[in-house]
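Structure first, then comments.
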Amino acid sequence: MLVGITVMPEYFQSESVNGVLDRLERLAGVTAVTTSPYVMAPADRQTGFREPPIDAGAGKVRLLDRTLWGKRELWARTAPSFRPDLDLYRGLRYQPPPADDLTREQGPLVGEFIRKAQSRGMKVYLQVQAAIPPGYRVQFGQPEPDDCPRLPDGSIPKRRLSANGSLASPHIRDYTLALLQDLCRQYPTVDGLRLDWPEYPPYLLDSIFLDFGGHARGQAREMGFDFNRMQSAAAALYRRLHGELTDGHLRICVESGSLGEICRRLLPEAAGLEEWLEFKAGLVESLHAGFRQAMNEAGGQRMELRPNAFPPPWNVLSGLDYGRVSRYSSALSVKLYTMHWPMMLRFYAERLSRSNPGVSERLLARALARLFDTGQEPAPARLEDFRYPTPEEPHPVGEAAQRRKIAQAQREAGSTPVCTLAHAYGPTADFRSRLQTARKASRHGFWINRYGHLSDEKLGVVGEVARET
């Protein structure tokens with residue numbers, strides 16, 4: 001059974017390669033690791049980014065379990081761990097960051113980590129971002145304005161948690177394909193590549209209503225979709241949610257059984273909504289087909305392609321159809337980042353409440369919990385019941401809901417394995433419970449995101465849960 005942990009390079013820079021691998025092997029019985037092709041150094045608030053990520057302000061309560069250079073919260077800068085092959089990026093709008101002194105001093109540690117992990121029998125994967133050049137790490141990168149995904153009115157959302165570019169943009173796509181080819185050649189022994197956010201991450205309400213930019217219009221025409229009809233339908237639904245929502249609509253959400261049914265009942269005249277969701281799924285599938293082809297052309301035919309994916313029903317909104325993406329993937333990792341679920345519902349709820357001040361707060365909370373099947377107990381009655389848990393608080397989600405999401409993803413993925421991707425953030429007892437759920441949910445094993453949230457005590461829990469029958 002796969003027991004995998006994501007270990008970003010800053011930790012084997014801080015704790016040493018052997019120190020990290022010894023701990024993973026001795027305490028957790030790890031069989032696979034993921035890292036990324038960069039190296040890190042401390043910085044200040046003005047020039048660096050926060051580690052751990054602040055998640056659009058909601059995650060400012062979040063601190064590291066494992067200190068990083070002696071700190072549980074810090075600001076940092078990064079550099080690539082290798083010298084990019086600039087010929088692969090020739091003529092492209094986006095270019096990789098140049099190798100610098102940090103690359104030369106610390107970059108070889110990534111190759112050392114790969115070699116030593118594999119010598120211990122562990123599989124090793126590299127993870128990059130699918131649509132945020134330069135792609136090495138989630139916090140860095142910002143697409144040019146005409147490569148940003150747009151709302152039905154053609155505007156760029158004012159607030160976004162992810163900086164993903166438009167999946168219809170040839171500039172975004174070409175850069176990512178060049179990066180994957182570069183990695184296949186720079187690190188030819190890795191077992192595979194993991195792509196994060198290869199979809200439209202639906203963290204905020206506006207993020208659900210993408211993509212209606214110029215690149216999307218061109219792609220819709222090539223793929224045979226009626227762009228104007230999709231745009232009109234999405235704009236109508238957007239208006240309904242931003243000023244026309246009633247308690248009657250919320251009752252529909254509480255009573256209905258599927259996202260498609262709710263869309264049809266909320267806006268029966270909008271025939272283009274399903275076409276729009278199908279279009280997004282087509283963009284995401286095309287992107288994965290390109291990933292696989294690029295890897296093969298760079299000599300990576302034996303390497304696995306393992307995308308990370310939002311769980312149901314968020315994947316419908318993000319465009320990642322498990323069945324279609326599985327055609328090009330060795331396995332899928334479906335995220336149970338359960339501290340994000342109440343944060344996302346809070347984002348949605350605040351926007352809907354401000355736009356529709358007459359609706360019942362209790363009914364709105366019930367509708368969101370029902371629609372996204374979080375299994376929160378007790379059932380939320382107020383918007384403040386949705387919030388990012390502190391490091392000491394259990395995640396407010398239900399075990400059955402988590403297992404339903406993984407089971408549904410596996411049904412839709414067919415024979416392609418679906419692994420559970422759990423998050424280590426949170427108190428130890430709650431982490432144990434969620435990890436046991438993750439282990440039961442998938443017979444193909446589990447991944448755990450972020451070694452930085454895995455104390456030695458939690459690593460021991462991983463080993464114990466992995467050995468459970």
Side-chain angles (χ1 to χ4, degrees), residues 5-17 19-21 23-24 33-84 94-114 125-130 132-143 160-164 179 183 186-187 194 196-197 201 308 337 339-340 388 391 423-425 448-455 458:
I5 293 179
T6 300
V7 184
M8 293 308 185
E10 55 266 27
Y11 273 98
F12 49 78
Q13 289 180 258
S14 177
E15 297 182 0
S16 83
V17 169
V20 169
L21 291 175
R23 192 171 283 110
L24 294 180
V33 289
T34 293
T35 193
S36 287
Y38 69 83
V39 283
M40 182 184 287
D44 55 37
R45 288 174 181 257
Q46 288 69 43
T47 61
F49 61 88
R50 184 183 188 265
E51 177 60 23
I54 201 167
D55 289 339
K60 58 188 176 184
V61 298
R62 180 171 159 187
L63 298 172
L64 296 166
D65 286 64
R66 306 195 73 84
T67 60
L68 190 57
W69 291 298
K71 298 180 179 180
R72 295 188 66 194
E73 174 192 33
L74 75 159
W75 277 257
R77 66 180 181 91
T78 64
S81 60
F82 62 97
R83 188 178 298 279
Y94 298 100
Q95 296 291 308
D100 61 13
D101 289 344
L102 183 58
T103 304
R104 288 185 284 276
E105 294 168 6
Q106 298 288 308
L109 286 176
V110 172
E112 180 184 345
F113 181 78
I114 293 169
Y125 301 85
L126 288 177
Q127 178 170 296
V128 292
Q129 296 304 124
I132 313 178
Y136 304 144
R137 189 178 171 90
V138 65
Q139 292 97 328
F140 280 3
Q142 178 60 54
R160 297 180 67 199
L161 190 147
S162 77
N164 267 31
L179 173 62
L183 293 177
Q186 299 279 354
Y187 299 103
R194 296 178 67 194
D196 198 30
W197 285 351
N308 298 338
Y337 290 4
M339 76 286 192
H340 282 169
Y388 204 114
H423 206 288
Y425 173 72
I448 304 170
N449 197 42
R450 288 196 168 262
Y451 175 78
H453 289 299
L454 286 167
S455 62
K458 285 184 181 176

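Residue numbers count from 1 along this sequence.
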Under 3.5 Å, is there a donor-acceptor pair between the side chain of S36 and the main chain of M8?
no

As an exercise, state the distance from CG of N449 to OH of Y337, rounded to the nearest 0.5 Å.
3.0 Å

For D65 and L454 the tightest heavy-atom approach is CB-N, 4.1 Å

Residues in salt bridge (Lys or Arg N to Asp or Glu O under 4.0 Å) with R72, at least two apart?
none

Please examine the side chains of F113 and Y11, heavy atoms only from C-beta on, and report whether any two atoms are closer than 4.5 Å.
no

Start with the C-alpha distance between Q13 and V39, add both sets of side-chain angles, then the distance that settles side chain to side chain contact (heavy atoms under 4.5 Å, CB included), and finish with yes or no.
CA-CA 8 Å; Q13 289 180 258; V39 283; 3.6 Å; yes

Are any non-hydrogen side-chain atoms of R66 and S14 less than 4.5 angstrom apart?
no

Can you confirm whether the side chains of R137 and Y38 place a donor and an acceptor under 3.5 Å from each other?
yes

Run R77 and F49 through side chain to side chain contact (heavy atoms under 4.5 Å, CB included) and show every step you take.
CA-CA 7 Å; R77 66 180 181 91; F49 61 88; 5.6 Å; no

Is it the case that more than 12 heavy atoms not belonging to R83 sit under 6.0 Å from its CZ atom?
no

Checking T6 against Y125 for the side chain to side chain contact (heavy atoms under 4.5 Å, CB included) test, could you report, in this order, the C-alpha distance in whole Å, the side-chain angles of both residues, the deciding distance, and whether it holds?
CA-CA 9 Å; T6 300; Y125 301 85; over 6 Å; no

When you compare the side chains of Y187 and S81, does any donor N or O come within less than 3.5 Å of an acceptor on the partner?
yes

Looking at every non-hydrogen atom in both residues, tell me the closest pair between T103 and P80 and how far apart they are.
OG1-O, 2.7 Å

Quick one: are T35 and L126 in side-chain contact, heavy atoms under 4.5 Å?
yes

Would you say that I132 contacts W197 through its side chain, given a criterion of any heavy-atom pair below 4.5 Å between the two side chains?
yes

Okay, side chain of R450, backbone of A424: is any donor-acceptor separation there less than 3.5 Å?
no

Does some side-chain heavy atom of L74 sit less than 4.5 Å from a side-chain heavy atom of L64?
yes

Can you tell me how far apart CD (E10) and CD (E15) are? Round to the nearest 0.5 Å.
10.5 Å

Where do A79 and D100 come nearest, in terms of heavy atoms and distance?
CB-OD1, 3.3 Å

